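Each remark here refers to the structure printed beneath this line.
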Amino acid sequence: MTEKKGGIQYWHKIVALLFLGWLVMWIYRPVLAAIFPEIQQTVGQQSNTELGLIASCYFFSYTLMQIPAGILVDKYGKKAVVIPGFILFTIAAIMIGNAQTMTMIYIGSLLAGLGCGSYYGSAWSLSAENIPAENRSFASAIINTGAALGMGVCLLSTSFLVKALDMPWQYMLYIIAVLTLCLIAGFAIIIKEPSVKTVIAQKKQQKPDTNIAQKEKNNFFTSPMVACYIMYFATCYGYYMVVSWLPNFLETERGFTGGSIGSASSLVAFAAIPGALVISKISDKFRSKRLFFIIVLELLSAITLLMAVQSSTITLLLMGLILYGLFGKFVVEPILISHVADIAPKNSYGTAFGVFNFFGMSSSVIAPPLTGLLADITGTKITGFYVAIAILFIATALFFVINLRKHITN
């Protein structure tokens with residue numbers, strides 16, 4: 001679905017809107033982790049495991065929503081799923097901003113995850129259906145830079161507004177709620193879809209082919225798709241461990257204070273922006289080499305994360321974080337998504353991306369509390385980083401072997 005040639009086409013608007021969607025969601029995702037000490041001034045002192053459970057509540061409900069939301073997207077359309085989801089997210093942000101106990105924060109995080117869980121299938125279905133194949137990796141990278149920018153904006157704003165200027169931490173949640181309301185208006189105005197009644201009527205008129213439906217279901221679990229699930233699990237595990245614990249790690253184990261915490265943590269996000277745009281552009285030119293790009297980037301992200309946590313100086317630590325951002329999740333994810341769009345069932349993109357993201361995000365449920373638990377047991381959060389690095393190396397090896405066997409059998 002496109003508009004006039006040479007002007008602003010429909011898919012350009014889709015890219016801009018989806019960019020803003022990830023921007024707002026990623027301003028929220030790291031916000032509570034970045035202000036753990038301030039939150040504890042309101043709800044009382046908590047263990048590392050209890051703090052890690054905040055992120056797990058969000059990612060648990062977010063992950064559970066992936067496959068149902070994908071199915072609903074294929075059945076009723078994107079707007080009918082994502083707009084109610086973001087309304088729920090707005091309510092959750094306000095609830096967390098008014099919380100006086102950890103229980104209320106846990107409940108708000110669960111609701112926020114349910115609301116945001118509507119987004120992934122809708123976003124990447126819109127992307128896959130409307131963006132030309134020759135521009136898909138680059139456009140996906142632009143969309144994903146919204147997530148990187150959102151994370152950077154969050155870490156910088158919380159460090160300077162909350163830690164340096166003593167703004168109440170609750171105000172960050174209210175700001176996010178307002179931004180989400182603006183985003184809802186954007187989706188309502190820009191996305192062009194038939195009404196829900198029309199979509200349902202069209203589905204009823206289509207005679208389902210049982211054989212085709214079964215074949216598409218099986219296509220979700222071919223060996224190349226399973227390889228993507230494994231790779232995305234490992235990629236997300238490392239990244240969400242970093243998102244959840246890097247600010248606290250820098251503050252408690254590396255001596256960073258005030259605004260320097262956010263500045264250092266945001267290096268991962270900001271370094272990802274040029275890396276994603278440049279590498280995805282190259283990937284679009286060499287589409288037959290996407291698997292090679294994925295494997296190399298995953299290995300580099302594991303090596304650079306190891307470099308960061310083992311560094312003996314601040315300079316090497318910061319360099320490691322920059323390089324991890326340059327080669328990590330936000331850079332490899334657009335290429336992975338483009339690869340999935342090429343091999344997934346074309347009539348069920350919502351479900352396909354829902355299954356893909358379910359496996360990826362399931363790691364985000366495990367990583368925050370497990371890292372907190374390991375820190376409580378060993379006395380250092382470095383152990384959690386080592387676990388993430390090991391998972392990334394193992395997954396990359398499996399991804400390589402599965403795709404190599406597929407290539408040989410073909």
Side-chain angles (χ1 to χ4, degrees), residues 137-138 140-145 147-149 151-152 224 227-246 249-250 264-340 360 363-364 367 371 382 384-404:
S137 290
F138 184 64
S140 297
I142 293 175
I143 293 169
N144 249 22
T145 58
L149 184 61
M151 178 183 172
C228 290
Y229 302 153
I230 294 171
M231 195 72 266
Y232 199 46
F233 176 93
T235 303
C236 289
Y237 185 98
Y239 194 78
Y240 289 114
M241 184 276 300
V242 170
V243 169
S244 299
W245 286 108
L246 180 60
F249 169 74
L250 294 176
S265 300
S266 64
L267 289 174
V268 174
F270 289 128
I273 296 175
L277 294 176
V278 173
I279 294 174
S280 63
K281 192 69 173 178
I282 297 171
S283 172
D284 275 334
K285 290 184 178 180
F286 301 96
R287 291 167 60 189
S288 62
K289 302 294 184 182
R290 276 181 180 155
L291 294 178
F292 172 78
F293 278 97
I294 292 168
I295 291 168
V296 171
L297 288 171
E298 297 287 10
L299 289 174
L300 287 173
S301 64
I303 292 168
T304 53
L305 185 58
L306 181 63
M307 169 186 169
V309 298
Q310 284 195 326
S311 60
S312 57
T313 67
I314 297 299
T315 301
L316 287 176
L317 169 64
L318 296 179
M319 185 179 298
L321 293 177
I322 291 171
L323 291 174
Y324 175 68
L326 194 61
F327 301 120
K329 176 183 180 290
F330 286 133
V331 179
V332 73
E333 188 174 32
I335 305 174
L336 257 177
I337 288 169
S338 297
H339 179 57
V340 171
S363 67
S364 65
T371 304
I382 292 179
F385 283 86
Y386 288 154
V387 170
I389 293 164
I391 290 173
L392 197 50
F393 276 123
I394 293 169
T396 305
L398 289 172
F399 183 83
F400 172 77
V401 170
I402 291 172
N403 282 285
L404 179 64

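Sequential numbering from 1 along the given sequence is applied to the chain's residues. Note that the coordinates shown come from a computational prediction; the quantities given were computed from them, not determined experimentally. Both backbone and side-chain heavy atoms feed into the values below; hydrogens, waters and symmetry mates do not.
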| request: Show your reasoning for whether side-chain contact (heavy atoms from CB on, under 4.5 Å) applies to Leu300 and Tyr324. | output: CA-CA 8 Å; Leu300 287 173; Tyr324 175 68; over 6 Å; no

Spacing of [atom1] belonging to [X] relative to [atom2] belonging to [Y], to within rounding of 0.5 Å:
X      : Y      : atom1 : atom2 : answer
Met231 : Ile294 : CE    : CD1   : 8.5 Å
Leu321 : Leu267 : CG    : CG    : 6.5 Å
Glu333 : Cys236 : CD    : SG    : 6.0 Å
Leu316 : Ser311 : CG    : OG    : 6.0 Å
Leu246 : Thr371 : CG    : OG1   : 11.5 Å
Ile382 : Phe249 : CD1   : CZ    : 4.5 Å

Does any part of the side chain of [Y], heavy atoms only, come nearer than 4.5 Å to the side chain of [X], both counted from C-beta?
X      : Y      : result
Leu149 : Phe270 : yes
Phe385 : Leu306 : no
Leu392 : Leu305 : no
Tyr239 : Met151 : yes
Tyr232 : Val340 : no

ask   = More than 12 non-hydrogen atoms from neighbouring residues, nucleotides or ligands closer than 6.0 Å to CE on Met319, yes or no?
value =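 No, CE of Met319 has 12 or fewer neighbouring heavy atoms, counting only those of other groups under 6.0 Å.
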
**Message:** Test your reading of the model: is there a side-chain donor-acceptor pair from Ser363 to the backbone of Tyr237, 3.5 Å cut-off?
**Reply:** yes

Taking Ser266 for the side chain and Gly152 for the main chain, is one N or O donor matched with an acceptor at less than 3.5 Å? no

- Query: Parallel, tilted or perpendicular for His339 and Phe399, by the 30°/60° rule?
  - Reply: perpendicular

Check against side-chain contact (heavy atoms from CB on, under 4.5 Å), Phe400 and Leu291 = CA-CA 8 Å; Phe400 172 77; Leu291 294 178; over 6 Å; no

Closest non-hydrogen atoms of Met307 and Gly320, given as atom of the first, atom of the second and distance, are CE-N, 4.0 Å

key: Where Ile337 and Ser140 come nearest, the two heavy atoms and their spacing   =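 Nearest pair, atom of Ile337 first, then Ser140: CG2-OG, 4.5 Å.
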
Could you go through residues 271-285 and list every donor-acceptor pair under 3.5 Å that involves a side-chain atom there, pairing it with any protein atom two or more places apart or in another chain?
residue	atom	partner	partner atom	Å
Ser280	OG	Ala276	O	2.6
Ser280	OG	Leu277	O	3.2
Asp284	OD1	Ser137	N	3.1
Asp284	OD1	Ser137	OG	3.2
Asp284	OD2	Ser137	N	3.4
Asp284	OD2	Phe138	N	2.8

Report the C-alpha separation of Ile230 and Ile402 in whole Å, then their side-chain angles, then the decisive distance to 0.1 Å, and conclude whether the side-chain contact (heavy atoms from CB on, under 4.5 Å) test is met.
CA-CA 10 Å; Ile230 294 171; Ile402 291 172; 4.1 Å; yes

Contacts satisfying side chain to side chain donor-acceptor pair (under 3.5 Å) that involve residues 296-309 (not counting sequence neighbours) are Thr235-Glu298

